[in-house]
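One structure is given below, encoded as structure tokens.
Labels below follow one simple rule: chain letters A, B, ... track the order of the sequence lines, proteins then strands, and each chain is numbered from 1. This structure is a prediction, so every number in the text was calculated from the model and none was measured.
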Number of protein chains: 2
Amino acid sequence: MIIIQLNNRQLKIIDIVKESEPITSECIAAKLNVTRATLRSDLAILTMTGVLDARPKVGYFYSGIDKVNLLGDKIKNKTVADIMSMPIMVTQDTSVYDTIVNIFLSDVGSVFIIDDEKELCGIVSRKDLLKATIGGGDINKIPVGMIMTRTPNVVTVTSEDTVVLAAKRIIEHEVDSIPVVEEVKRDNTIINKVVGRISKTNITKLFLEIADN
Amino acid sequence: MIIIQLNNRQLKIIDIVKESEPITSECIAAKLNVTRATLRSDLAILTMTGVLDARPKVGYFYSGIDKVNLLGDKIKNKTVADIMSMPIMVTQDTSVYDTIVNIFLSDVGSVFIIDDEKELCGIVSRKDLLKATIGGGDINKIPVGMIMTRTPNVVTVTSEDTVVLAAKRIIEHEVDSIPVVEEVKRDNTIINKVVGRISKTNITKLFLEIADN
């Protein structure tokens with residue numbers, strides 16, 4: 001397998017075929033003001049890659065660039081919205097013990113801490129919870145708000161961000177997952193409402209999906 | 001970007017150029033027993049993709065298929081050895097408390113449990129350790145061997161396995177990381193010696209590396 005970048009003339013040919021399919025190579029050449037011979041290798045590439053379909057004595061059809069395996073674009077253009085999971089959230093006053101139960105039931109690596117209107121206040125990971133349990137206090141009485149990492153020290157993404165950006169933040173900040181937030185207006189201020197979760201698991205699944213295609 | 005699969009004639013052309021570079025299209029056509037016109041689109045594809053380099057009045061050179069961005073192959077052919085990390089290991093008699101300290105110091109999600117000759121006996125995750133700490137026992141006295149997941153219930157890979165296989169196992173078995181093992185002979189039996197660790201972090205980093213190219 002080899003990857004190529006289409007040149008401008010090839011992109012123009014695609015537009016012409018899209019508009020006037022079926023169209024013969026003579027007609028395409030006339031529209032571009034070049035000879036048929038000039039187009040031969042461009043048309044060969046476009047049919048080999050499956051972007052165009054050639055039928056003898058009829059002409060070229062557009063089969064759709066979307067059907068072509070655009071692997072590079074597939075990786076670069078995937079957004080957080082495409083692969084994010086449901087967030088697991090508790091409020092600040094939840095006990096460390098109840099938060100641990102929650103993390104077991106939902107089988108996630110991190111829980112997001114929110115206020116009553118779903119505004120992001122912080123995050124706790126399994127590691128934070130493990131630290132709290134060996135700390136010696138009564139985990140039934142300690143509220144999770146006391147041990148969480150607080151905003152604005154929590155790294156976030158929006159659902160329109162790319163998966164590549166999310167992966168970068170996860171690796172740079174050495175976390176398992178990050179909250180996906182959306183800015184909403186509350187009274188006269190803008191707050192970050194939690195709408196999702198993106199984790200290394202989501203990215204590993206995407207890696208597999210890309211490899212399987 | 002578009003991905004194409006080279007056809008047999010294109011692969012033959014690559015072999016011919018490799019052997020007799022620089023070589024003109026006339027000579028290639030003669031060797032393949034076809035006309036120059038027949039080869040035109042194949043040569044266009046091979047130069048566009050950067051596999052061949054064409055110099056006017058000299059002929060075609062082989063620039064190396066390795067230099068071409070073989071994205072699909074890059075994903076599929078990566079082996080565990082290419083991206084694995086150092087394993088973090090303790091013996092079965094280590095206390096749960098000391099194992100937790102170990103997990104904090106090395107900042108990993110799972111610790112592998114081994115015997116004196118590095119044979120894999122089991123694995124414990126942050127989740128297992130968290131469960132043990134809220135269980136009520138004295139974690140300074142409970143040996144990690146008591147709470148670990150035991151072989152043969154531990155999923156493993158070898159360093160020659162592909163990253164795709166490792167990712168599949170991580171997702172299917174819902175674990176954060178898996179031990180990389182190597183079969184070695186001890187006395188008259190074959191044992192699995194731990195030689196590495198592959199995690200969702202390694203795979204997320206690989207995803208980023210591929211996206212950045």
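For the set Ile103(B), Thr201(B), Val163(B), the entry with the most heavy-atom pairs within less than 4.5 Å of chain A is Thr201(B). Ranked by heavy-atom pairs under 4.5 Å with chain A, the first of Thr162(B), Ile170(B), Asp42(B), Asp107(B) is Asp107(B).
Ionic pairing of Asp176(B) and Arg126(A) is present here: one or more N-O contacts between side-chain nitrogen and carboxylate oxygen are shorter than 4.0 angstrom.
Counted within 6.0 Å of CG on Asn8(B), heavy atoms from surrounding residues, nucleotides or ligands total 12 or fewer; the atom is thus considered open. Residue-environment remark: CG (Asn33(A)) stays at or below the threshold of 12 foreign heavy atoms within 6.0 Å. Atom OH of Tyr97(B) is surrounded by 12 or fewer heavy atoms from other residues, nucleotides or ligands within 6.0 Å.
Rounded to the nearest 0.5 angstrom, Lys205(A) NZ and Ile203(B) CD1 are separated by 13.0 Å. Distance check: Lys78(A) NZ to Phe207(B) CZ gives 9.5 Å after rounding to the nearest 0.5 Å. If you take OG1 on Thr204(A) and NZ on Lys168(B), they are separated by 13.5 Å, rounding to the nearest 0.5 Å. Taking CD from Glu172(A) and CG from Leu208(B), the interatomic distance works out to 8.5 Å, rounded to the nearest 0.5 Å.
Only the side chain of Thr133(A) comes within contact range of chain B, with heavy atoms under 4.5 Å apart. Heavy atoms closer than 4.5 Å to chain B are found in both the backbone and the side chain of Leu130(A). Only the side chain of Ile171(A) comes within contact range of chain B, with heavy atoms under 4.5 Å apart.
Within the cation-pi definition used here (under 6.0 Å to the ring centroid, within 45° of the axis), Lys127(A) does not qualify as a partner of Phe104(B).
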